[in-house]
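Take a look at the structure below.
Indexing begins at 1, ligand by ligand and atom by atom, following the structure's order. Nothing fancy with the numbering, it's 1 onward along the sequence.
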Amino acid sequence: MQCKRISMMRFLSDLVAIDSSKNENLSACAAIVKREAEKNGFSVQTFDAEKLSRDRVSRQNLVITFNAGKKDTLLLLTHYDVVPAGEGWNENPFKATEVGDRVYGRGTADDKGAVAACLEAMKQLKASRKSRVNVKLLVVCDEEMGGKLGIEFLLKEAKELNGSAQLVVDGDVFPQVGASGIVFGKIRIEGKQGHAGWAHKAENAINFPFLLEISKYAEERKKKKSKLDAPPFSGVGKVYGRFNITMVHAGEKENVIPGECEAKFDLRLNPEEDEQQALEEFKQYFEKAKKKHKVNATLECTMVQPGYYTEKDDKFVEQFMKITQTLQAYAGLGGNDGRHLKIKGIPTICFGPIRRDDKIDNNIHGKNEFVLVKDLEWTRDVIIKLCEEWKE
Ligand SMILES: [Zn+2]
């Protein structure tokens with residue numbers, strides 16, 4: 001057992017050592033994953049989105065296959081890119097450091113630890129010959145950057161890629177059967193620029209009453225309750241509709257009344273919500289507010305990412321819940337890459353070594369990110385058990 005743990009940790013250290021928040025380092029990180037997979041006898045296909053990238057830097061997406069000669073295939077979706085380290089770390093963020101039952105380092109929990117746990121599970125399944133399902137591990141390059149050059153590119157290129165079920169191994173120890181949808185957009189208010197001393201001749205585009213009215217759309221969204229529960233310790237019961245103005249830009253100088261104001265927003269959808277209907281409702285609210293405040297404003301949606309969920313009585317969900325001994329399936333308050341394959345009709349669950357409970361928070365995307373070794377081992381063992389007890 002000890003040597004299996006050591007090989008998983010060594011592989012994780014190698015991954016953490018490369019700062020894959022930087023595009024120029026992505027190919028070095030992909031090479032490590034590839035080397036480890038091939039060393040253990042797995043075939044690796046590479047799908048490089050370099051030609052679509054603006055900087056013409058290699059963006060490799062890997063598909064690592066364990067063919068057990070079975071009818072079904074389980075897909076495991078992970079990513080090797082990370083967010084920048086930021087300031088204030090106690091140790092070098094790009095050196096995996098074991099302290100007690102924790103390993104510190106950028107990506108240890110999100111999502112390099114998961115890459116290591118998945119590959120270790122595949123190694124053990126190959127050695128034991130007990131798997132009742134084939135496994136394909138997808139390791140993509142830009143989950144943190146939006147997915148265009150990662151999972152989206154991969155699915156377009158690898159047309160034959162298909163699976164009976166999918167585990168998005170980029171999540172919590174509390175498994176989630178769905179994720180929220182996300183809409184980004186911007187509101188532009190037009191006024192009339194002018195001298196602050198001659199304010200009566202200008203029209204200030206920073207229209208606070210109008211912006212306040214728009215921000216109050218949060219109260220409308222809040223009324224939309226999902227049938228799915230939010231993760232434990234998240235502080236909310238059911239997942240619900242959210243709306244926030246997250247960026248406001250206007251003005252250049254104290255004595256100039258700004259003629260333009262731009263407010264960007266984030267609107268969160270329930271996993272089961274229809275995004276077009278939700279957008280229509282917001283547009284109506286926006287038009288009403290415009291009229292009420294007599295504002296010259298436009299609304300534009302810049303990104304629409306639908307939510308998704310898998311029914312609790314789906315046999316894959318039932319099987320997974322039994323194996324992990326979870327009584328409750330949750331839906332995420334954030335979005336994840338699982339939606340791309342869920343759209344194809346593949347039952348999807350998101351889980352992984354990230355822990356956010358009343359005692360522990362892995363600080364993903366923050367300083368001193370860490371993962372509990374036992375959570376990496378649990379992730380690995382859940383995959384092994386699921387494959388060994390797979391029901392067609
Ligand atoms: Zn992630």
* Asked: Partners of Arg242 by side chain to side chain contact (heavy atoms under 4.5 Å, CB included), sequence neighbours excluded?
  -> Ser180, Val239, Tyr240, Arg268, Leu333
* To do: Using the test side chain to side chain contact (heavy atoms under 4.5 Å, CB included), find all partners of Ala85 that sit at least two apart in sequence or belong to another chain.
  => Trp89, Pro93, Phe94
Any donor-acceptor pair under 3.5 Å linking the side-chain atoms of [Y] with those of [X]?
X: Tyr308; Y: Asn336; result: yes
X: Lys34; Y: Thr46; result: yes
X: Asp19; Y: Ser21; result: yes

Compile the donor-acceptor pairs under 3.5 Å between side chains in residues 195-209 and protein atoms, sequence neighbours left out, one pair per line.
| residue | atom | partner | partner atom | Å |
| --- | --- | --- | --- | --- |
| His195 | ND1 | Gly197 | N | 2.8 |
| Asn204 | OD1 | Ile206 | N | 2.9 |
| Asn207 | OD1 | Phe210 | N | 3.1 |

* Count of N, O or S atoms belonging to protein, less than 2.8 Å from the Zn ion (ligand 1) -> 4
